[in-house]
Amino acid sequence: MTALNRNNLSLIALLIGGFAANAANAQDDQRWYGTASVGFGNLASSTLTYSDGTSTSSADADYETSFAGGGTLGYRFASGWNLEGEIMYRRNELDPISIAGLGDFTEGDFASLSFGVNALYRFQFGNSGKWSGYAGPGVVYLQEIDIDFEVDGQETSFETDDIAFQLKFGTRYDFNERWFIDAGATYFIADGVEMEFPADRSQTITSDYEHWNLQLGAGFRF
């Protein structure tokens, strides 16, 4: 884990702890909720650095806008704060790339499965009482992040786990007391992720993972 990620983790953990403590005394209008969402994600171009244990090489990688989806389980406090757990899968197709020492590849993908904790502040707007907005930070554990390179049906994969952080914001419309729809965006970043080749862990690929996703979801209050 990089020093930047450790600092981000500490800061966001303090924020989430403070938000939860601030909300803990609220007694009214508290409720559990769950959401499921799908959308599109854009992964920023990055420099891939390959190491075989003795030498290194690098190449610029570009990605296509691809799938992102997942779900949340959260608790709404009367103070306006929400604390929620999240699972999210992101996958972006990789454009053709050549990496000295590793090979020439016609396709591939960069994907991650993550578990996060978010502290979101919600606020009402409009006169109907049905619209609300939200924004807030989250800390994320990347249970698996991997990059796959493919050519002629052969796949070469590198993988690891890591810590990242994100910022979420969006809007929600309440159909009734139970059901709602949600449209939101997430900015997600992990710096200097070092992924290993499972058959030979001295071989690594290092890359930043900077991701934007837009998604539409539906939710239910318990």
Quick one: do N118 and E84 satisfy side chain to side chain donor-acceptor pair (under 3.5 Å)? Show the steps, please. CA-CA 5 Å; N118 305 307; E84 64 178 35; 3.2 Å; yes
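- Residues D182 and R172 are paired through a salt bridge, judged by an N-O separation under 4.0 Å between the basic side chain and the carboxylate.
- You'll find the side chain of M195 stays beyond 4.5 Å of the side chain of T206, heavy atoms only.
- Exactly one residue among M88, R91, Q143 makes a side-chain contact (heavy atoms from CB on, under 4.5 Å) with L113. That residue is Q143.
- Panel note: side chain R76, backbone W81; no donor-acceptor pair is recorded below 3.5 Å.
- When all heavy atoms of A61 and Y63 are compared, the pair lying nearest together is CB-OH, 3.4 Å.
- Under the 4.5 Å side-chain criterion, counting only non-hydrogen atoms from C-beta, V38 is in contact with F67.
- Around atom CG of D200, more than 12 heavy atoms belonging to other residues, nucleotides or ligands sit under 6.0 Å away.
- Atoms CD and CD, on E86 and Q166 in that order, are 4.5 Å from each other to the nearest 0.5 Å.
- Within the structure, every pair that satisfies the side-chain hydrogen bond (donor to acceptor under 3.5 Å, both in side chains) test and touches residues 147-159, not counting sequence neighbours, is listed here: D148-S157, E155-S157.
- Rounding to the nearest 0.5 Å places CG of N92 at 7.0 Å from OG1 of T65.
- Side-chain contact between D60 and D62 is absent, with no heavy atoms from C-beta onward closer than 4.5 Å.
- A heavy-atom distance below 4.5 Å is not found between the side chains of T171 and S132.
- Here F220 and Y33 keep their ring centres 6.0 angstrom or further from each other.
- Under 3.5 Å, the side chains of T35 and T72 contain a donor-acceptor pair of N or O atoms.
- N82 and R122 share a donor-acceptor pair across their side chains, judged by distance under 3.5 Å alone.
- Across L216 and A183, no two heavy atoms sit closer than the pair CD1-CB, 4.1 Å.
- With hydrophobic clusters built from ILVMFWY side chains whose heavy atoms lie under 4.5 angstrom apart, F197 shares a cluster with V151.
- Note: F115 and Y141 fail the aromatic proximity criterion, with ring centroids not under 6.0 Å apart.
- Both W32 and V117 are part of a single hydrophobic cluster, where members link through side-chain heavy atoms under 4.5 Å apart.
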Between D191 and V193, does the side-chain contact (heavy atoms from CB on, under 4.5 Å) criterion hold? Intermediate values first, please. CA-CA 6 Å; D191 294 318; V193 179; over 6 Å; no
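- Using a 4.5 Å cut-off on side-chain heavy atoms (C-beta onward), L214 and F40 make no contact.
- Residues F222 and L83 share a single hydrophobic cluster, defined by chaining ILVMFWY side chains whose heavy atoms lie under 4.5 Å apart.
- Formation of a donor-acceptor pair under 3.5 Å by the S66 side chain with backbone atoms of E93 is found in this model.
- Using a 4.5 Å cut-off between side-chain heavy atoms of Ile, Leu, Val, Met, Phe, Trp and Tyr, with links allowed through other members, F123 and L167 fall into different hydrophobic clusters.
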Test log, rule side chain to side chain donor-acceptor pair (under 3.5 Å), inputs S46 and D208: CA-CA 6 Å; S46 63; D208 291 339; over 6 Å; no
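- Contact record, N213 with A68: CB-CB, 4.0 Å, taken as the closest heavy-atom pair.
- L102 and F110 fall within a single hydrophobic cluster, where Ile, Leu, Val, Met, Phe, Trp and Tyr side chains are chained together by heavy-atom contacts under 4.5 Å.
- When all heavy atoms of L142 and I145 are compared, the closest pair comes out as CD1-CD1, 4.1 Å.
- The side-chain heavy atoms of H211 and N42, taken from C-beta on, include no pair separated by under 4.5 Å.
- At least one side-chain heavy atom of R90 sits under 4.5 Å from a side-chain heavy atom of S114.
- Aromatic ring orientation, Y75 versus F77: perpendicular (interplanar angle above 60°, classes split at 30° and 60°).
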Criterion side-chain contact (heavy atoms from CB on, under 4.5 Å) on T49 and S207, from CA distance to verdict: CA-CA 7 Å; T49 300; S207 174; over 6 Å; no
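- Side-chain contact between I87 and L73 is absent, with no heavy-atom pair separated by less than 4.5 Å.
- Note on ring orientation: taking the six-membered ring where Trp is involved, the planes of F188 and Y209 are perpendicular (angle over 60°, cut-offs 30° and 60°).
- Here the closest heavy-atom approach between residue Y89 and residue A111 is recorded as OH-CB, 3.9 Å.
- Classified by interplanar angle (parallel below 30°, tilted 30° to 60°, perpendicular above 60°), the ring pair F158/F149 is perpendicular.
- Aromatic ring orientation, F169 versus W212: perpendicular (interplanar angle above 60°, classes split at 30° and 60°).
- No donor-acceptor pair under 3.5 Å is formed between the side chain of Q203 and the backbone N or O of G53.
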Decide side-chain contact (heavy atoms from CB on, under 4.5 Å) for V139 and F165; before the verdict, give the C-alpha distance in whole Å, the side-chain angles of both, and the deciding distance to 0.1 Å. CA-CA 5 Å; V139 61; F165 80 97; 5.5 Å; no
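- Closest heavy-atom contact between R221 and N176: NH1-O, 3.8 Å.
- Within the model, atoms OG1 of T204 and CD of E194 stand 4.5 Å from one another, a figure rounded to the nearest 0.5 Å.
- Between the side chains of S58 and T47, not a single donor N or O lies within less than 3.5 Å of an accepting N or O.
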